J.: 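Input: one structure, supplied below.
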Amino acid sequence: MADEKKDVMLETMRHSASHVMAEAVQAIFPGAKFGIGPAIEDGFYYDFELPRPLVPDDLPTIEAKMKEIIASKSSFIREEVDKAKACQLFISQPYKLELIEELPGSTVTVYKQGSFVDLCRGPHVESAGDIKAVKLTRVAGAYWKGDEKCPMLQRIYGVAFNTKVELDNYLARLEEAAKRDHRKLGKELDLFSLHDEAGAGLVHWHPKGALIRHIIEDFWKVEHRKKGYDIVYTPHIAKVDLWKTSGHWDFYRENMYSPMDIDGQDYIVKPMNCLGHILMYKTQLRSYRNLPLRYAELGTVYRYERSGVLHGLARVRGFTQDDAHIFCRPDQIEAEVTEVVNLALFMMETFGFHDYELLLSTQPAKYAGTMQIWEEATGALRKVLENLKLKYEVDPGEGVFYGPKIDIKLRDALGRLWQGPTIQVDFNLPQRFDVNYIGEDGLEHQVAMVHRTVLGSMERFMACLIEHYGGAFPVWLSPVQAAIIPIADRHLDYAHKIEDELREHGIRVQVDDRSERMNLKIREAQMDKVPYMLVIGDKEMASSHVSLRMRTGEDAGSMAIAEFINRMISIINAKSPDEL
RNA sequence: GCCAGCGUAGCUCAGUGGUAGAGCAGCGGUUUCGUAAACCGCCGGUCGGUGGUUCGACUCCACUCGCUGGCUCCA
């Protein structure tokens, strides 16, 4: 069977499972009101309004009821009814009535199975007996129609597969993914911490995490200089008036922290880096000959994020964007954006990310500027993506208030998407701040501005990196690249001699000179995911060799020190994502 | 922010109204060892915080801080 057809069948089964769950809920909670219950990746959900909050203990009860229904093999029966009749049918179901009203046409379809009738387009499986392996996974609150202003319903999530084996595999996969969670690994590998005492969403980078960040930042700086960026620094606070001029005060206030009083003036902590760059641009009269001008900054910003959305390093309240603002002529936008997209893709490639999504985000509900400007900017972005022949999707209404954007989203261990690199065209700020250049014609023209990151933020990028590699970083990024493990104290001198030699080649190395057994030292180096372990004993000392063990567990045998160094250096220089 | 759950030693976790327990880590010894945990001993907690109920609270209640999974929102 073709995969596509299989997928459709699986999706149908999952959707039917949601109906069966609804029937079970109806049986247990008479008077339940029903929202919607679609199939989703790996399973399904259904939203309910219930007389009491669900607790996790309710899930087994509902699941047991579902199994009864499935065992009864009751048939799914499709029926087309006119809207009047449907309204009659769902007289006590306000959410369904709302849906009926919104549906086009004069008739709607309903599906019945057992005692449950649902408004539904279908299709469904023939009978409840076709639903094979199901498990309810969690309860959650969810706004009706996904709108904060609507009432919150209770959502039950479930997963469903064709066989018990597939379900078990899925659950095992989740367990494996949990081991790669950056919050867990961050602690285990001593990379970073967050503290109640300091405040939620504020990251403390420990030496090893900070070291990785430094390596990434150094690499980032080198690549940016190569690409014609000027690296700058700007202050972390600025007068609130600046943010009023920019429009942030109107359009972005909910994400900004309250002003602080300095000498009777209100200042705020910056939520974005752009304004400083604009001020710098405006310190001189700029000629068209000087454009594009590219100001890059690893700029730390602070944004208020609602408490429920914080997540390890991936969603925090203080973070450092690998930001840059390109000031150019409108006719240069396309070329500049193309270069940026290429740079972002190069970064993804270098860090080993292959599974990402490209999105074109269009005009949001709250926006600054005119429709025409938005259309032009969106068109320019689209054209770049088309020309580069990249696969992308449109994310309607997801642009920033000042312009449309191209986003690259990365997956975490559990498959959740996180926005990383972003490229945003902006005609708004140049207008508000009167950012100009002198054209060939000797007249002033407004510049076009491109805001962009090619990693996203150091925090979120680190989170994705940790999860992508499960903490086993590529050699060039590993905080400790080689652990030297002397077997007995008499090997210490030789171990330190090798340490010096590796260090001279710029290799990050650590001698485990504790009076512990070799097995323990290997175990700990292994758990720290150190790529190379150099075991040193009598044999190695006598032959001036090292015995190389990889973190994969592979014993690469004995080799001369120079040979090991050469091998390492070439892997480090290549920034090889996987090779050891 | 909203819904639900959770918060016990540095970490992972037991402990369902009668003033806290394990393993690992740490510290002190002994051991000098060939590819993922040597052995012995010791230290360690105002049970997230504040208030309340109770003769008595880690346990029940309220508020608060934080965390987890969703929703909404975002780098």
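Letters A, B, ... mirror the listed sequences (proteins, then strands); counts begin at 1. Computed from a predicted structure; not experimentally measured.
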J.: Counting any heavy atom closer than 4.0 Å, what does Q154(A) reach on the DNA or RNA strands: base, sugar-phosphate only, or nothing?
T.: nothing
J.: Taking the side chain of E148(A) as heavy atoms from C-beta outward, which of G34(B), C74(B), U72(B) is closest to it?
T.: U72(B)
J.: Counting any heavy atom closer than 4.0 Å, what does L310(A) reach on the DNA or RNA strands: base, sugar-phosphate only, or nothing?
T.: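 If one applies the 4.0 Å heavy-atom cut-off, L310(A) turns out to touch the sugar-phosphate alone, with no base involved.
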J.: I want to verify a distance call: between C73(B), G66(B), A36(B), whose nearest atom is closest to the D196(A) side chain?
T.: G66(B)
J.: Is the distance between the ring centroids of H451(A) and H277(A) under 6.0 Å?
T.: no
J.: What does S307(A) touch in the nucleic acid at a heavy-atom separation under 4.0 angstrom: a base, only the sugar-phosphate, or nothing?
T.: base
J.: Which part of the nucleic acid, if any, lies within reach of N519(A) when heavy atoms closer than 4.0 Å are counted: base, sugar-phosphate only, or nothing?
T.: sugar-phosphate
J.: Side chain of R490(A), heavy atoms from C-beta onward: which of C33(B), A36(B), C71(B) has the nearest atom to it?
T.: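 Output: C33(B).
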J.: What distance, rounded to whole Å, do you find between the two C1' atoms, one in U16(B) and one in A75(B)?
T.: 45 Å
J.: Is the gap between the ring centers of Y367(A) and Y402(A) under 6.0 Å?
T.: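 No, ring centres 6.0 Å or more apart.
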J.: On a whole-Å scale, what distance lies between the C1' atoms belonging to G48(B) and U30(B)?
T.: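 Per the computed distance, 40 Å lies between those C1' atoms.
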J.: Is E176(A) paired with K179(A) through a side-chain N to carboxylate O contact shorter than 4.0 Å?
T.: yes
J.: Strictly below 4.0 Å, N to O, side chains only: are E41(A) and R14(A) in salt-bridge contact?
T.: no
J.: Salt bridge between R315(A) and E459(A), side-chain N to carboxylate O under 4.0 Å?
T.: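 Looking at E459(A) together with R315(A), the answer is no, because their closest N to O distance does not fall below 4.0 Å.
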J.: On a whole-Å scale, what distance lies between the C1' atoms belonging to A36(B) and C24(B)?
T.: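 Nearest-Å result for A36(B) against C24(B) at atom C1': 15 Å.
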J.: Determine: side-chain N/O of Y143(A) to OP1/OP2 of G70(B), distance under 4.0 Å, yes or no.
T.: no
J.: Between Y304(A) and E554(A), which residue's closest nucleotide on RNA chain B lies nearer the 5′ terminus?
T.: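 It is Y304(A) whose nearest nucleotide is closer to the 5' end.
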J.: In whole Å, what is the span from the CG atom of L417(A) to the C1' atom of A75(B)?
T.: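 One finds 14 Å between C1' of A75(B) and CG of L417(A), rounded.
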J.: Checking all strands, does G146(A) fall into the base, sugar-phosphate, or nothing category for heavy-atom contacts under 4.0 angstrom?
T.: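 Sugar-phosphate, no base atom in range.
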J.: Quick one: is Q419(A) getting a side-chain N or O under 4.0 Å of the A75(B) phosphate, OP1 or OP2?
T.: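 Checking Q419(A) against A75(B): at least one side-chain N or O falls below 4.0 Å of OP1 or OP2.
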J.: From C-beta outward on R138(A), which listed nucleotide comes closest to its side chain: G69(B), U35(B), C74(B)?
T.: G69(B)
J.: Quickly work out the I40(A) CD1 to C71(B) C1' distance and round it to whole Å.
T.: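 It works out to 13 Å between those atoms.
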J.: For U32(B), take OP1 and OP2 only and decide whether either is under 4.0 Å from a side-chain N or O of S515(A).
T.: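 No.
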J.: Are R183(A) and U68(B) close enough that a side-chain N or O sits under 4.0 Å from OP1 or OP2?
T.: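 Affirmative; the distance criterion is met.
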J.: Honestly, is R213(A) close enough over W205(A), meaning NZ or CZ under 6.0 Å from the six-membered ring centre and within 45° of the axis?
T.: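 Because its charged atom sits under 6.0 Å from the ring centre and within 45° of the axis, R213(A) does stack over W205(A).
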J.: Taking OP1 and OP2 of G69(B), is either one under 4.0 Å from a side-chain nitrogen or oxygen of R416(A)?
T.: yes
J.: Which part of the nucleic acid does G456(A) contact within heavy-atom distance under 4.0 Å: base, sugar-phosphate only, or nothing?
T.: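 Answer is sugar-phosphate: G456(A) comes under 4.0 Å of backbone atoms only.
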J.: Say you pick atom P in C60(B) and the same atom in G18(B); how far apart are they, in whole Å?
T.: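 The answer is 12 Å between these two P atoms.
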J.: With respect to the side chain of A200(A), which nucleotide from C67(B), C3(B), C74(B) is positioned closest?
T.: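 Shortest atom-to-atom distance from the side chain points to C67(B).
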J.: Figure out the CE/P separation between M533(A) and A37(B), and round it to whole Å.
T.: 13 Å
J.: Check every atom of U72(B), U35(B), A75(B) against the side chain of M518(A) and return the nucleotide holding the closest atom.
T.: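 Closest of the options to the side chain of M518(A): U35(B).
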J.: With a 4.0 Å cut-off on heavy atoms, is L520(A) in touch with a base, just the backbone sugar-phosphate, or nothing at all?
T.: sugar-phosphate
J.: Indicate whether OP1 or OP2 belonging to A36(B) is found under 4.0 Å from a side-chain N or O atom of R549(A).
T.: yes
J.: Taking the C1' atom of each, how far is G51(B) from G44(B), in whole Å?
T.: 29 Å
J.: Are any of K149(A)'s side-chain N or O atoms less than 4.0 Å away from OP1 or OP2 of C2(B)?
T.: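 Looking at the OP1 and OP2 atoms of C2(B), neither is under 4.0 Å from any side-chain N or O of K149(A).
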J.: Stacking check: are the rings of F319(A) and A75(B) less than 5.5 Å apart at their centres and under 30 degrees in tilt?
T.: yes
J.: Tell me whether the OP1 or OP2 atom of A38(B) has a side-chain N or O from R517(A) closer than 4.0 Å.
T.: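 So the side chain of R517(A) is within the cut-off, an N or O lying under 4.0 Å from OP1 or OP2 of A38(B).
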J.: Thinking salt bridges, do D181(A) and R183(A) make one under a 4.0 Å N-O criterion?
T.: yes
J.: Nearest-Å distance, CD (E197(A)) to C1' (G48(B))?
T.: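 Between C1' of G48(B) and CD of E197(A): 10 Å.
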J.: Roughly how far apart, to the nearest Å, are C55(B) and G49(B) at atom C1'?
T.: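 It comes out at 26 Å once rounded to the nearest Å.
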J.: Closest-nucleotide mapping onto RNA chain B: is M152(A) or V535(A) further toward the 5' terminus? I mean the 5' end.
T.: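 Final value for this comparison: M152(A).
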J.: May I have the distance from F401(A) (atom CZ) to C74(B) (atom C1'), rounded to whole angstrom?
T.: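 So the two atoms are 14 Å apart, to the nearest Å.
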J.: Establish, with yes or no, whether the OP1 or OP2 oxygen of G34(B) is under 4.0 angstrom from a side-chain nitrogen or oxygen of H491(A).
T.: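 H491(A) to G34(B) OP1/OP2: no side-chain N or O under 4.0 Å.
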J.: Taking only the P atom of each, what is the distance from C3(B) to U46(B) in whole angstrom?
T.: 33 Å
J.: Centres of the F48(A) and Y46(A) rings: under 6.0 Å?
T.: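 Here the rings of Y46(A) and F48(A) have centres that are less than 6.0 Å from each other.
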J.: What is the separation between atom CZ on R303(A) and atom C1' on C74(B), rounded to the nearest whole Å?
T.: 8 Å
J.: Side chain of V309(A): nearest nucleotide among C71(B), U35(B), C74(B)?
T.: C71(B)
J.: Which of these nucleotides, G70(B), U32(B), A38(B), is closest to any side-chain atom of A140(A)?
T.: G70(B)
J.: Could you please spell out the steps behind the ring-ring contact (aromatic ring centres under 6.0 Å, His included) verdict for Y157(A) and Y45(A)?
T.: CA-CA 4 Å; Y157(A) 283 95; Y45(A) 68 78; 5.6 Å; yes
J.: State whether E563(A) and R567(A) are salt-bridged, where the test is any N-O pair (Lys NZ or Arg NE/NH1/NH2 against Asp/Glu carboxylate O) under 4.0 Å.
T.: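 No, this pair does not count.
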J.: Are R490(A) and D538(A) ion-paired here, with the side-chain N under 4.0 Å from a carboxylate O?
T.: yes
J.: Examine A37(B): is either OP1 or OP2 under 4.0 Å from a nitrogen or oxygen in the side chain of K521(A)? Give yes or no.
T.: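 Answer no for this pair, as no side-chain N or O of K521(A) is under 4.0 Å from OP1 or OP2.
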J.: For the side chain of E398(A), counting heavy atoms from C-beta on, which of C74(B), C11(B), U32(B) is nearest?
T.: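 Nearest to the side chain of E398(A) among the choices is C74(B).
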J.: With heavy atoms under 4.0 Å as the rule, sort V301(A) into base, sugar-phosphate or nothing.
T.: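 Nothing, no heavy atom under 4.0 Å.
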J.: Rounded to whole angstrom units, what separation is found between the CG atom of L136(A) and the P atom of G5(B)?
T.: 17 Å
J.: Out of C73(B), A36(B), U35(B), which nucleotide sits closest to the side chain of R523(A)?
T.: A36(B)
J.: Please report, rounded to the nearest Å, how far the P atom of C71(B) is from the NE2 atom of H311(A).
T.: 13 Å
J.: In this structure, which stretches of RNA chain B are paired as stems of three or more consecutive Watson-Crick or G-U pairs, both distances less than 3.5 Å?
T.: B:1-7 with B:65-71, B:10-13 with B:21-24, B:26-30 with B:38-42, B:48-52 with B:60-64
J.: Taking atom P in both C33(B) and G45(B), what distance in whole Å separates the two?
T.: 39 Å
J.: Are the aromatic ring centres of F34(A) and Y95(A) under 6.0 angstrom apart?
T.: no
